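Note that the structure is predicted; figures quoted are calculated from it, not measured. If you read the sequence from its start, that first residue is 1, and numbering goes on from there.
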Amino acid sequence: MASQENIRNIAIIAHVDHGKTTLVDEMLKQGGIYRENQATVDRVMDSGDLERERGITILAKNTAVHYKGTKINIVDTPGHADFGGEVERILKMVNGVILLVDAAEGPMPQTRFVLQKALELGHKVIVAVNKVDKPDARVHEVMDEVLELLLDLDATDEQFNSPTVFCSGRQGTASYSPDEMGKDLTPLFDTIVNYIDSPKGDANAPLQMLVSSIDYNEYVGRIAVGRVEQGTIKVNQEVTICDYHDPEIKQKGKVVALYEFDGLGKAPIQQASAGEIVALSGMSDITIGRTLCAPDAVNPLPFVKISDPTIEMTFSVNDSPFAGKEGKFVTSRNLRDRLEKELLKDVSLHVTEQGTDSFNVAGRGEMHLSILMETMRREGFEFSVSTPRVLTKEIDGVICEPIERMVADVPEECMGSVIEKMGRRKGDLLSMTPMGNRYRLEFLVPSRGLFGYRNEFLTDTRGEGIMSSVLDSYAPMKGEIERRLSGSLIAFESGESCGYGLAAAQERGALFIGAGVPVYAGMVVGICSRNEDMTVNVCKKKQLTNMRAAGSDDAVRLTTPRVFSLEQCLEFLADDELLECTPKSLRIRKRELDHAARMRAVMKKRNQG
């Protein structure tokens with residue numbers, strides 16, 4: 001058990017793709033975690049399948065390294081704005097942060113968000129300019145941008161004068177000067193040990209420990225992770241679980257097993273005192289934000305209020321003609337249990353039940369909810385989801401909607417089309433900064449204006465643009481924003497698609513399916529080239545009669561169908577459509593499958609208009 005003086009608790013915070021997880025890799029290697037001959041993988045902290053596939057961190061994770069007799073507890077955090085809730089809650093567990101900034105991109109919207117949260121908690125900051133070995137690195141300009149950001153966020157004098165190190169996460173080097181490459185990460189480790197405070201807390205006082213994170217294990221159930229604020233926690237100790245925001249909660253609990261973080265794993269320990277970050281099991285219904293106290297001194301610790309969700313979708317039981325064919329869990333009970341389980345470990349998710357078989361699920365952004373949907377699909381769930389909707393707030397009697405600060409880094413020749421599209425989506429241009437032969441554009445745009453824009457943006461910038469956004473504020477509703485300029489091609493009857501029917505349909509637009517695919521009436525099979533929905537019969541077979549006409553036996557040439565990812569499907573959805581998610585397929589369908597009923601609804605709407 002390390003003494004308080006020899007412990008440092010830090011979180012690594014940064015924008016997505018600025019190299020946090022890669023830097024942690026090198027810190028683990030140089031912190032002596034691996035054996036000489038041990039095989040290692042890149043981005044070892046991104047342990048989830050989805051994290052490795054997408055190359056992003058989704059969950060905050062703990063690890064620890066030892067340096068010259070000091071134990072450094074490190075928390076690797078996500079950089080994507082949609083997982084900001086993960087960052088907010090773990091900042092209570094640490095005493096300082098390493099702010100990682102890309103030497104080419106500089107501070108981005110999420111850098112601003114996470115730094116603001118760290119400064120509000122009064123944490124000490126170490127600025128690490130990463131990727132200094134990139135050919136387009138502009139270290140000195142980035143340093144000025146970081147100082148401007150600190151000024152902007154009202155940093156204290158001490159925070160403004162934070163030490164800076166210059167790193168290359170991939171090379172595993174750090175130095176005190178931007179003009180010389182280091183040999184290893186010693187300057188970074190030394191800065192952490194000398195600058196970040198050791199945790200404060202009286203080891204002889206009654207126990208207090210705030211649960212900042214939840215882990216799950218099939219064998220021991222739920223594992224609570226947090227920092228011991230004061231006192232000492234021991235195995236088999238009786239504790240009282242309480243909540244700062246709900247004084248009614250006072251449950252008894254017992255610490256069955258206690259672990260400390262060591263390298264990539266957890267090591268069992270008998271006791272831990274104030275300042276240490278530990279994991280413990282034995283309490284089945286422990287949740288994030290609860291405090292473990294000594295039974296004779298119940299005093300809950302305040303927990304940061306997590307920012308509210310900004311968008312919501314309706315998850316409902318799949319009621320299409322193909323329901324139950326591909327999924328293992330299809331009932332409303334399965335869906336309810338799974339969403340409740342997710343709520344226990346994701347503090348920024350909200351679920352409200354709508355009737356018997358649908359649930360409104362609210363989150364931080366499309367990415368936040370699509371990751372949950374993808375995870376559920378892989379677990380064997382089958383369900384349908386509606387289009388994303390923004391969550392409005394009433395401020396001083398005015399209905400306000402969430403506004404995002406969107407930063408786009410685009411080639412000079414693509415700038416015009418991006419500004420034009422943002423104008424259509426009610427975005428206001430804040431600044432336009434040249435960076436070599438590229439421009440950085442900053443907009444304030446309503447959250448609903450960004451629905452479905454990412455693919456358009458990549459097309460407009462020929463795949464070279466980088467865009468990211470973070471919630472900025474709430475403002476009065478900006479009026480109507482047109483979501484989609486194209487209609488849907490809808491299957492007219494149920495059956496199996498065949499070449500003859502598809503050849504006729506592909507003249508009307510781009511198809512999502514090839515030949516031999518089962519379809520049902522009301523299923524969306526493609527994008528219509530006109531701004532209206534069109535019904536097509538993709539199951540139509542050629543009549544095998546002996547009548548012949550010139551050219552009737554030409555070979556059918558089908559274009560390659562467009563296959564959409566989950567995010568692209570969500571972006572494409574119109575308000576009267578649903579996305580059917582199963583472990584094997586993603587199908588877009590109309591809410592009303594019957595063609596005649598849809599036509600009646602359209603006529604009624606026209607007559608009213």
So, using side chain to side chain donor-acceptor pair (under 3.5 Å) as the criterion, who are the partners of [X] when residues are at least two apart?
{"X": "Gln354", "value": "none"}
{"X": "Gln116", "value": "none"}
{"X": "Ser177", "value": "none"}

At what distance, to the nearest 0.5 angstrom, does [atom1] of [X] lie from [atom2] of [Y]?
{"X": "Phe359", "Y": "Ser332", "atom1": "CZ", "atom2": "OG", "result": "6.0 Å"}
{"X": "Leu119", "Y": "Asp152", "atom1": "CG", "atom2": "CG", "result": "11.0 Å"}
{"X": "Leu335", "Y": "Ser358", "atom1": "CG", "atom2": "OG", "result": "9.5 Å"}
{"X": "Asn130", "Y": "Glu105", "atom1": "CG", "atom2": "CD", "result": "11.0 Å"}
{"X": "Ile403", "Y": "Leu450", "atom1": "CD1", "atom2": "CG", "result": "10.0 Å"}
{"X": "Thr291", "Y": "Asn299", "atom1": "OG1", "atom2": "CG", "result": "8.5 Å"}

Is there side-chain contact between [X] and [Y], with heavy atoms separated by less than 4.5 Å?
{"X": "Leu91", "Y": "Val97", "value": "yes"}
{"X": "Cys242", "Y": "Ile249", "value": "no"}
{"X": "Ile10", "Y": "Asn95", "value": "no"}
{"X": "Glu404", "Y": "Asp472", "value": "no"}
{"X": "Val255", "Y": "Asn236", "value": "no"}
{"X": "Val239", "Y": "Met283", "value": "yes"}
{"X": "Val94", "Y": "Ile196", "value": "no"}
{"X": "Glu260", "Y": "Glu276", "value": "yes"}

Sequence neighbours left out, what passes ring pair (Phe, Tyr, Trp, His ring centres under 6.0 Å) with [X]? Give chain and number order.
{"X": "Phe381", "value": "Phe329"}
{"X": "Phe315", "value": "Phe383"}
{"X": "Tyr176", "value": "none"}

Who pairs with [X] by salt bridge (charged side-chain N to carboxylate O under 4.0 Å, His left out), at least two apart in sequence or on another chain?
{"X": "Asp243", "result": "Arg290"}
{"X": "Arg377", "result": "Glu374"}
{"X": "Lys250", "result": "none"}
{"X": "Glu353", "result": "Arg336"}

Which pair of non-hydrogen atoms, one from [X] and one from [Y], has the smallest distance, and what is that distance?
{"X": "Pro388", "Y": "Leu570", "value": "CD-O, 4.2 Å"}
{"X": "Ser281", "Y": "Ile223", "value": "CB-CG1, 4.3 Å"}
{"X": "Gly226", "Y": "Met209", "value": "N-CE, 3.7 Å"}
{"X": "Pro402", "Y": "Leu391", "value": "CD-O, 3.4 Å"}
{"X": "Thr191", "Y": "Pro187", "value": "OG1-O, 2.6 Å"}

Note to self: Test side-chain hydrogen bond (donor to acceptor under 3.5 Å, both in side chains) on Gln271 and Thr232; report intermediate values, then the result.
What the structure shows: CA-CA 7 Å; Gln271 66 173 56; Thr232 304; 5.4 Å; no
Next item on the list: Show the numbers, then the answer: is there a side chain to side chain contact (heavy atoms under 4.5 Å, CB included) between Leu369 and Glu312?
Entry: CA-CA 8 Å; Leu369 294 181; Glu312 108 180 328; 5.8 Å; no
Notebook entry, point to check: Below 4.0 angstrom, N of the basic side chain to O of the carboxylate: do Arg338 and Glu379 qualify?
Noted result: yes
Check: Do Lys328 and Glu382 sit within salt-bridge range, that is, some charged N less than 4.0 Å from a carboxylate O?
Finding: no
Next item on the list: For Gln237 and Leu207, run side chain to side chain contact (heavy atoms under 4.5 Å, CB included): C-alpha distance rounded to whole Å, both residues' side-chain angles, the deciding distance at 0.1 Å, then the answer.
Entry: CA-CA 10 Å; Gln237 183 176 350; Leu207 171 68; 3.7 Å; yes
Note to self: I need the full list of side-chain hydrogen bond (donor to acceptor under 3.5 Å, both in side chains) pairs touching residues 196-207, with sequence neighbours left out, sorted by first then second residue.
What the structure shows: Lys124-Asp197
Next item on the list: Just do the side-chain hydrogen bond (donor to acceptor under 3.5 Å, both in side chains) check on Ser370 and Glu567 with the steps written out, would you?
Entry: CA-CA 7 Å; Ser370 71; Glu567 273 92 357; 2.7 Å; yes
Next item on the list: Please report the C-alpha distance between Tyr67 and Asp190 in whole Å, then the side-chain angles of each, then the deciding distance to 0.1 Å, and finally whether the side-chain hydrogen bond (donor to acceptor under 3.5 Å, both in side chains) criterion is met.
Entry: CA-CA 9 Å; Tyr67 175 76; Asp190 282 339; 2.6 Å; yes
Note to self: Assess the residue pair Asn360 and Thr314 against the criterion (side-chain hydrogen bond (donor to acceptor under 3.5 Å, both in side chains)); give the C-alpha distance rounded to whole Å, side-chain angles, the decisive distance to 0.1 Å, and a yes or no.
What the structure shows: CA-CA 4 Å; Asn360 279 354; Thr314 304; 2.9 Å; yes
Margin query: So, applying side chain to side chain contact (heavy atoms under 4.5 Å, CB included) with Leu280, which one of Val211, Val225, Leu292 is it?
Written below: Leu292
Next item on the list: Could you tell me whether the side chains of Gln159 and Thr156 share a donor-acceptor contact shorter than 3.5 Å?
Entry: yes
Next item on the list: In sequence, state the C-alpha distance, the side-chain angles, and the governing distance for Thr63 and Asn73, and then conclude on side chain to side chain contact (heavy atoms under 4.5 Å, CB included).
Entry: CA-CA 6 Å; Thr63 184; Asn73 286 310; over 6 Å; no
Please check: side-chain N/O of [X] versus main-chain N/O of [Y], any donor-acceptor pairing under 3.5 Å?
{"X": "Thr240", "Y": "Ala294", "answer": "no"}
{"X": "Glu342", "Y": "Leu339", "answer": "no"}
{"X": "Gln230", "Y": "Pro206", "answer": "yes"}

Next item on the list: Quick one: list whatever passes side-chain contact (heavy atoms from CB on, under 4.5 Å) with Asp337, sequence neighbours left out.
Entry: Arg333, Glu340
Next item on the list: Under the side chain to side chain contact (heavy atoms under 4.5 Å, CB included) rule, what do Ile269 and Tyr259 come out as? Steps first, then yes or no, please.
Entry: CA-CA 5 Å; Ile269 51 173; Tyr259 309 92; 5.7 Å; no
